[in-house]
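Start at 1 with the first residue, then count along the sequence.
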Amino acid sequence: MSYRKPYTEGEAIDPADRSSSSANSIHEDEKGGAIETARRQSVLEGEVVQLAEKLDDQNVKEHLAPIEDLEKVIDKIDGLTIEECRTFAAKFLEDHDFDYNIDASQRSKLQHFLNGPLESQSDDEYELAFKSEVAILKYYSPYPEVRAVTTPDDDENILCETIRAHLLGYLWACVAQFINSLFNSRFPNVYLTSTTAQVLLYPCGKFLAWALPDWGFKIGGTRHSLNPGPWTYKEQVLSTVIINVSVTSAYVFWNIQTQEVYYLDKWLTPGYKILLLLATQMMGLGFAGLLRRFAVYPMESIWPTILPTLALNRALLQGDKKETIHGWKISMYKFFWICMIVYFWLPGYLFQALSLFSWMTWIAPNNFNLAIVTGSQTGLGFNPISSFDWNTFSTNFFPLTYPFYSYLQQYIGQFIGGLVILALYYTNTKDTGYLPINSSRIFDNTGSHYNITKILVNDVVDEDLYKAYSPPYYAAGNLVVYSIFFLFYPFTMVFVLLDSGKILGKAYVSIFSAAWQQMKRAGRSTFAAGKALGQGKIREAASHLYHILDDETSVYDGFDDIWTNMARKYPEVPDWWFAAVAFTSFIFAIVICTVYTEMGTPVWTIFFVIGLNLIFLVPSTYLYSISGTTEGLNVLAELIVGYALPGRPEALMFVKAFGYNITGQADYFVSDLKMGLYAKIPPRAMYRGQMISAFITAFVAYGVVDLVDGLDGICTPDQTAKFTCANGSSVYFSASVFWGAIGPARVFGQIYPVMKYAFLLGFLLAPVWWGIKRYGPTARQSMRTKMPGAIFKPLDILIFTPISYLKQVHPSLILNGFIYWAPVNLTYTTSGLYMSMFFMYYVRRYKTAWFEKYNYVLAAALIGGVALSALIIFFSVQYNPVTVSWWGNDVLATRVDGGAADRTVLLMDLPEKGYFGLDTWEVSGQRQDGFFGYNPPEFVLDAAREALGKVECNQYSPTKGRPRLKKAIATAYSPFFGRTINPDTEVTITTGANEGMLSAFMGFLEQGDEVIVFEPFFDQYISNIEMPGGKVVYVPMTPPKNGATQTTSAGEWFVDMKILEDKITDKTRMIVLNSPHNPVGKVFSKEELQAIGDLCVKHNIIILSDEVYDRLYYVPFTRVATLSPEIAALTLTVGSAGKNFYATGWRVGYLIGPEHLIKYVSAAHTRICYSSVSPLQEATAVAFERADEEGFWDDSKKEMKGKMERFNEIWDELGLPYSIPQGGYFVLVNLAKVELPANYPFPDHVANRPRDFKLSWFCIMELGVAAIPPTEFFTDANAHIVEDWLRFAVCKEDKVLESAKERLRGLKQYIK
């Protein structure tokens, strides 16, 4: 064991006095500088090797940088002092304390250096090692991955942005977009990868360098030639970036094809298609500018996925020196070509069992359970030797690209997810046992694939067909995938912002600072221009305006590393350039929504989807930049828009495209910006290339989609050229119907209600995990010092030691692993884990020189080899099929795992009823609340539209209401009151009837005043009374004696006047009436009202008469204010325009009463909300003015009564008694005869409530019909009166009511 000795910088030997054996003792010799440098490098190599032999601390030994890396910073070593090294190392450890790509051994090595030299180590050796290490970290990169693909120097004279580089880039970008878009609709398809394009780009560049003449022209004094010299590495990278932007088929290709082929939209114009393509393709570029500070310039953002691309370009264009590395002498160039040529023919065509090597299922070919657990096709792939095909085990994770921690943690998540899937499947949770375990398909309630065409009429979900068919069901794998998706989004957003807060916080400060400086600059320039213009200095004013967007800040502010410092040499791209692209794309999107209204997409969705990306884009992209993986926002966008815009599948597709593409395109652009930073490409060249490429290829995509959609039989199963769209727009169309037409509210509200709580869990779990990870070590140290050892030791073992492992665990990666199921499985990752462990852990750690030279070249070769071989195989032996039939190919389809056996699911026999799952299911969310299921009449809507266009209607109204509305109400009600109502003094407008009643209570009640309320009551009365200090005094209404056994009239509910009078005290200030009554439907008779009114006159009690249903009465209706002048003087009548005109969301209410009462209501209303919504007041005024001439009042009453009578037929059919309402649109039904199943699984919040809550829950879950439990309208003492009743609403469309009646027939089996 070695011991450390004290070290001080004062003991350091001056370089001039060191012996010749030290690398730093080489004398400066101007003669033969090249020879001296070579000798110096040789001496340095010898020193480092000797040092490695002397150090017995393995953590130091393992991470010595390769000699090749030290050579690149050799000139920096002498310039460092030990104090500088100490300062840098301490700050580096602090800054990278939670850097997942810096492993513990590397941190340990730096800590060893800070502790001083080992006992067996000389000061010279210690100083050399420490300075060498710091030089690598400071002047190169702490990441071997980065050092493998780039160098810490830049030659600005290397050709880069040339005509031929742009030309070849755009040419291959167009070719790639054309091929990939063309075959996007074909199954199986052909795909031209970026790697393939790079390989083909290289000889094209070499050819142009040989063939083109040196013809040129000058722009701004700079000559631009067709052939300025040999094809260079920077030109290759710039062209690669141009291709990368557009190599994948435009995402909205599927939007356009789905709309044209499946929805048969005839309104799709060239303008619509081009605007949609440009908006979605370009907006990501605008967001990329925002992300530069977050995911390009931070050193921690290494972007693993771009490293093979850079390695390939280096192998093709930058020679490597001849050397032997761990026995390997081959150049990177030769290594690439050898690795990519041959192997894929075996698993891809000749011996396909190597690809899905489910050898355990071959041993027992008919064992279903074995196939489910270990199988590669129908199973979960729990198989230690599962594939020998690179194309298979690089499907999800990239073993030679992802950092090992990233691959391992995602694999752990996937492994645990597989266990969860098995548990769900074998316990038949949510009927998953009737379905394939790991399918991504949607199924019906017989286990067949969900046939969407069975529920569509003209591409719209038909509710009757849906009811007659089946709700959609998920397999066990899909249940896990979607649940984790819902958890992943909020968790990742919160955790990444907390975990990387220091880095991201600095970026936020930088971007806001730059924006502030930009605004100040713009303000100063505008002021100066105005001043100059005022003085007649037009040229000076123009100059100020020209420079209005000049930025005094730099995007590199706050960054100080080798890459950003080298980039400073080139003109940077101002933020406003990116903002201009984003804004233009935003305008295009707005135009699409406003011009092409057939799509049914409101403009707010654009703001929503941009806001969604602003929230999630930074943490999502940052995770991608450090780990190589993330998730798009398509599922989140589908979910939210499916809830917000139910029944609008095309609107959902539009929002989904932006939700996914902004993130996806931004990630592409940002990763390429990082590639340009590593390759030292001028930023403005990158910007121009990316923008022009995205613009041009949008038109290529437009041309291709028009071409393909014109093919005969496109997207049909028997299309002659196999353009069946089976893996493209067919899936996209199904998703649009599932999420947009059927809607998540049905799926996650009724079938899988627990899944939505994953969002909440994500928000809650993230800060808990981060807190434990961040503060666990602090708590550990605190307890170690304060607790006795006997107590601390077991706690340390059981709690703190596991917590210590969390430092290098990124939980978002574990969650991401959960998502990689359905239809993929562990087959696609297990073999890759072995490769990742060997190359990304062992070789990277112990054979770093080999890793840096060959690893990413190998990755690029395998990716390119698979792509090229796949193209060759497709066109040579698959396009016109040439089959190779032998055991090595046929075995995949002749076993249980290949679907060849009779048994394909766990539970083959369906239940006796012939299907599994729900007996009845929700179609349109049949609601039995007070919401109308239809719009106000057209003359009312027209009035609202017209009001919105008037300037005066969009400003504050008078606090008592718009004069026109008050006059209209006074005119409408004067005949009922038998006198002329003064609109100025006897009417006040409120923000809904509820706020009007609150204003009345606020205006008259003082602490301790009592208010009499009849039970049942509208629940808002109580809080409104108690708010100003009032006390509620309850008087119960007595139900009909035979209400539980026979149908009765709502009028049979009555108030015992003796009980009422006994409740009156000297503190009684008000009494609340409700007629027609909610929920009973009773219209109080004239005699009842007279008796109540006389009591109020006798005791001087104010009557607050809630008459919001005053236009919906089916028996003679009396207004209490009309009974006598004495009663009128005490009465405030409450009305609701929302109830009158089917517009409860307008929140327009009003009160009518004598001036001495109304003035206090108005005063309170002014303090509560000042005034009410102006345009809707104006529209309501028109509605009252025109209602009589339109015949609206009589028609609405007749229509509602008809709905009530037709709906109540179901109760007569079922033999369930109900209370025939005399007014309003609610009906109370007695369900005492309904016997709920024993041991029915009511949730806790329902199980402990009265029986009507259980009845309501049961109707919702089993019948898909919602009703309100009326005990909510009673006090606990009197709730027993209605615990067998439910309240239903009939203010719905007739087809909804008919559907509800059909579902309610399901109660027959429960009626005793």
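- With His1165 contributing its side chain and Thr959 its backbone, the two residues share a donor-acceptor pair below 3.5 Å.
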Apply the test side-chain contact (heavy atoms from CB on, under 4.5 Å) to residues Arg962 and Ile989: give CA-CA distance (whole Å), side-chain angles for both, the deciding distance (0.1 Å), then the verdict.
CA-CA 8 Å; Arg962 295 187 67 78; Ile989 308 302; over 6 Å; no
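- In this structure, the side chain of Gln1222 engages the main chain of Val1083 through a donor-acceptor pair within 3.5 Å.
- Taking the six-membered ring for Trp, Phe1207 and Tyr1218 have ring centres at least 6.0 Å apart.
- Scanning all heavy atoms of the two residues, the minimum distance from Ala970 to Val987 falls at CB-CG2, 4.5 Å.
- Phe939 and Phe1141 have perpendicular rings, their planes meeting at more than 60° on a 0 to 90° scale where under 30° would count as parallel.
- Thr605 contributes a side-chain N or O that, together with a main-chain N or O of Pro602, makes up a donor-acceptor pair within less than 3.5 Å.
- Residues Asp1252 and Leu1286 are in side-chain contact: their nearest non-hydrogen atoms beyond the backbone lie under 4.5 Å apart.
- Atom CG of residue Leu1073 and atom SG of residue Cys1096 lie 7.0 Å apart, to the nearest 0.5 angstrom.
- When side chains are defined from C-beta on, Lys1203 does not count as touching Cys1291, because their heavy atoms never get closer than 4.5 Å.
- Between the Ser1256 side chain and the Ala1267 main chain, a donor and an acceptor come within less than 3.5 Å of each other.
- Across all their heavy atoms, Cys953 and Ala947 have their closest contact at CB-O, 3.2 Å.
- Between Val1134 and Leu1151 there is a side-chain heavy-atom pair separated by less than 4.5 Å.
- The local environment of CG in Asp1062 is crowded, with over 12 non-hydrogen atoms from other residues, nucleotides or ligands closer than 6.0 Å.
- In this structure a side-chain-to-backbone donor-acceptor pair under 3.5 Å is present from Lys1082 to Trp1053.
- For the residue pair Lys1067 and Gly1008, the shortest heavy atom distance occurs at CD-O, 3.9 Å.
- Under the 30°/60° scheme for interplanar angles, the aromatic rings of Phe1184 and Trp1193 are found to be tilted.
- Using a distance-only test at 3.5 Å, with no hydrogens or angles considered, a donor-acceptor pair links the side chain of His1077 to the main chain of Pro1016.
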Might you work through the side-chain contact (heavy atoms from CB on, under 4.5 Å) test for Val940 and Val1182, ending with a clear yes or no?
CA-CA 7 Å; Val940 178; Val1182 175; over 6 Å; no
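- A salt bridge is absent between Lys1063 and Glu1010; no separation between the charged side-chain nitrogens and carboxylate oxygens falls under 4.0 Å.
- Using a 4.0 Å cut-off between charged nitrogen and carboxylate oxygen, Lys1098 and Asp1094 do not count as a salt-bridge pair.
- Counting heavy-atom neighbours within 6.0 Å of Glu946 CD, excluding the residue itself, gives a total of 12 or less.
- Ring centroids of Phe1014 and Tyr1021 are separated by 6.0 Å or more, keeping the two rings apart.
- Heavy-atom contacts from other residues, nucleotides or ligands closer than 6.0 Å to NZ of Lys960 number 12 or fewer.
- Between Arg945 and Glu938 there is a salt bridge, since a side-chain N of the basic residue sits under 4.0 Å from a carboxylate O of the acidic one.
- Proximity of a side-chain donor or acceptor of Asn954 to a complementary backbone N or O of Leu948 within less than 3.5 Å is detected.
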Go through the steps for Phe1288 and Trp1211 under the test ring pair (Phe, Tyr, Trp, His ring centres under 6.0 Å), then give the verdict.
CA-CA 11 Å; Phe1288 293 83; Trp1211 312 123; 4.9 Å; yes
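- In this structure, the side chains of Asp1110 and Phe1117 come closer than 4.5 Å at one or more pairs of heavy atoms.
- Side-chain atoms of Ser1172 and Gln1177 form no donor-acceptor pair, as typed in the model, at a separation below 3.5 Å.
- Between the side chain of His1099 and the main chain of Glu1061, no donor-acceptor pair closer than 3.5 Å is present.
- Separation of atoms CG (Leu1112) and CE (Met1204) is listed at 9.0 Å; rounding is to 0.5 Å.
- For Arg1111 and Tyr1142, the positive end is not near the middle of the six-membered ring at less than 6.0 Å and at most 45° from its axis.
- Counted within 6.0 Å of NZ on Lys967, heavy atoms from surrounding residues, nucleotides or ligands total 12 or fewer; the atom is thus considered open.
- Of all heavy-atom pairs spanning Gly1224 and Tyr1114, the tightest one is O-OH, 2.7 Å.
- Contact annotation: the side chain of Trp1146 never approaches that of Val1173 to less than 4.5 Å [non-hydrogen atoms, C-beta and beyond].
- Counting heavy atoms of neighbouring residues, nucleotides and ligands inside a 6.0 Å radius, atom CD of Glu1006 does not exceed 12 of them.
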Take Glu1272 and Arg1287 through the salt bridge (Lys or Arg N to Asp or Glu O under 4.0 Å) test and state the conclusion after the steps.
CA-CA 11 Å; Glu1272 283 292 279; Arg1287 190 198 78 172; over 6 Å; no
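- With hydrogens and angles left out, the side-chain atoms of Glu1178 and Ser1174 include no donor and acceptor closer than 3.5 Å.
- Of the listed residues (Leu965, Thr990, Asn1140), just one forms a side-chain contact (heavy atoms from CB on, under 4.5 Å) with Val1148, and that residue is Leu965.
- In this structure, OH in Tyr1160 is found 14.0 Å from CG in Leu1005, a value given to the nearest 0.5 Å.
- A salt bridge links Arg979 and Glu986; the closest N-O separation between the charged side-chain nitrogens and carboxylate oxygens is under 4.0 Å.
- Checking Val1033, Val1035, Ile1012 one by one against Ile1064, the side-chain contact (heavy atoms from CB on, under 4.5 Å) holds for a single residue, Ile1012.
- Note that CG of Asn994 and CZ of Arg1147 are 6.5 Å apart. Values are rounded to the nearest 0.5 Å.
- Considering only heavy atoms from C-beta on, Phe1018 stays 4.5 Å or farther from Val1072 through its side chain.
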Show, in sequence, the C-alpha distance, side-chain angles and deciding distance for Leu1132 and Leu1104, and conclude whether the side-chain contact (heavy atoms from CB on, under 4.5 Å) test is met.
CA-CA 5 Å; Leu1132 288 166; Leu1104 188 62; 3.8 Å; yes
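- A salt bridge is defined here as a Lys NZ or Arg NE, NH1 or NH2 lying under 4.0 Å from an Asp or Glu carboxylate O, and Lys1301 with Glu1298 meets this definition.
- Summarising the local packing, NZ of Lys1197 is surrounded by more than 12 heavy atoms from other residues, nucleotides or ligands at distances under 6.0 Å.
- The heavy-atom pair separating Ala1181 from Arg964 by the smallest distance is CB-CG, 3.8 Å.
- One finds the CG atom of Leu1216 at 11.0 Å from the CH2 atom of Trp1285 (value rounded to the nearest 0.5 Å).
- Side-chain contact between Phe1004 and Val1161: present, with at least one pair of heavy atoms (C-beta onward) separated by less than 4.5 Å.
- Summarising the geometry, atom CZ belonging to Phe1054 is positioned 9.5 Å from atom CD belonging to Glu1088; distances are rounded to the nearest 0.5 Å.
- Closest of all the heavy-atom pairs between Ala1137 and Thr1180 is CB-CG2, 3.4 Å.
- Using a distance-only test at 3.5 Å, with no hydrogens or angles considered, a donor-acceptor pair links the side chain of Ser1075 to the main chain of Phe1084.
- No side-chain heavy atom of Asn1208 sits under 4.5 Å from any side-chain heavy atom of Ile1220.
- No side-chain donor-acceptor contact under 3.5 Å links Lys966 to the backbone of Thr988.
- Atom OH of Tyr1034 sits in a crowded spot, with more than 12 heavy atoms from other residues, nucleotides or ligands closer than 6.0 Å.
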